[in-house]
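A quick note: this is a predicted structure, and the numbers were derived from the prediction, not measured.
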Amino acid sequence: PNLERLAKTSTTFTHAYCQVSLCSPSRTSLLTGLRPDVTRVWDNQGYFRKTTEFGQHIVTLPMHFKRHGYYVTGVGKIFHPGSQSGGDSNGIGGGDGGWPFNESGS
């Protein structure tokens with residue numbers, strides 16, 4: 001009965017899409033607001049700061065919030081972990097270089 005009550009007040013999204021059916025390109029697109037053809041991230045190996053000549057100037061969603069006075073942190077998988085988002089090649093860290101979400105929580 002609780003699920004039925006919840007369903008009556010819920011919204012169903014019947015047309016939900018992602019830019020690319022891979023982790024890193026989709027997360028990059030969501031967190032930068034740019035399409036994969038702009039970031040040139042088409043697989044889980046590319047890092048948007050290195051795939052374009054203007055990559056160092058891209059403002060991500062966490063950067064935007066931090067620049068506007070918000071405390072920004074991440075738990076779980078925000079950017080694709082590892083070297084694809086500026087972290088170590090062993091898969092620890094990432095979160096876009098200057099925005100690490102590593103084991104110490106910093």
Might you point out which heavy atoms bring [X] and [Y] nearest each other, and give the distance in Å?
| X | Y | value |
| --- | --- | --- |
| T60 | R49 | CG2-NH2, 3.7 Å |
| V59 | M63 | CG1-CB, 4.0 Å |
| S24 | G46 | OG-O, 3.9 Å |

Problem - Gap separating the OG atom of S26 from the CG atom of N44, nearest 0.5 angstrom - result: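 Interatomic distance, S26 OG to N44 CG, rounded to 0.5 Å: 9.0 Å.
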
Practice task
For H68 and H64, indicate whether the former's side chain and the latter's backbone hold a donor-acceptor pair under 3.5 Å.
Solution key: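 Judged by distance alone, yes, a pair lies under 3.5 Å.
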
Exercise for the section: Check whether any side-chain N or O of T51 sits under 3.5 Å from a backbone N or O of T39 as a donor-acceptor pair, and report yes or no. Expected result: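 Judged by distance alone, yes, a pair lies under 3.5 Å.
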
Exercise for the section: Output the rest of the hydrophobic cluster of Y17: all Ile, Leu, Val, Met, Phe, Trp and Tyr residues reachable through side-chain heavy-atom contacts under 4.5 Å, sorted by chain and number. Expected result: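 Members besides Y17: none; it forms no cluster.
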
Exercise for the section: Share the residues that join L22 in a hydrophobic cluster, the rule being Ile, Leu, Val, Met, Phe, Trp or Tyr side chains under 4.5 Å apart at the heavy-atom level. Expected result: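 V20, W42, all in the cluster of L22.
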
Practice task
Verify the neighbour count for atom CG of L6: are there more than 12 heavy atoms of other residues, nucleotides or ligands below 6.0 Å?
Solution key: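 Yes.
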
Exercise for the section: Count the heavy atoms of every other residue, nucleotide or ligand shown that sit under 6.0 Å from OH of Y70, and state whether that count exceeds 12. Expected result: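 No, the 6.0 Å shell around OH holds no more than 12 heavy atoms from other groups.
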
Practice task
Sort and list the pairs that fulfil salt bridge (charged side-chain N to carboxylate O under 4.0 Å, His left out) and have at least one residue in residues 29-42, not counting sequence neighbours.
Solution key: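 Checked against salt bridge (charged side-chain N to carboxylate O under 4.0 Å, His left out) - neighbours excluded - the pairs reaching residues 29-42 are R35-D37.
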
Problem - side chain to side chain contact (heavy atoms under 4.5 Å, CB included) against L61, all qualifying residues, sequence neighbours excluded - result: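 Partners of L61 under the side chain to side chain contact (heavy atoms under 4.5 Å, CB included) test: L31, F65.
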
Exercise for the section: Name all residues meeting the side chain to side chain contact (heavy atoms under 4.5 Å, CB included) criterion together with S29; count only those two or more places apart in sequence or in a different chain, and write none if there are none. Expected result: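 If we apply the side chain to side chain contact (heavy atoms under 4.5 Å, CB included) test to S29, skipping adjacent residues, the hits are Q19, P36.
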
Problem - pair F48-I58: side-chain heavy atoms closer than 4.5 Å - result: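 Yes, close enough: below the 4.5 Å cut-off.
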
Practice task
Provide the full list of side chain to side chain donor-acceptor pair (under 3.5 Å) pairs with a residue in residues 1-11, sequence neighbours left out, each pair given once.
Solution key: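 Those involving residues 1-11 are N2-R5.
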
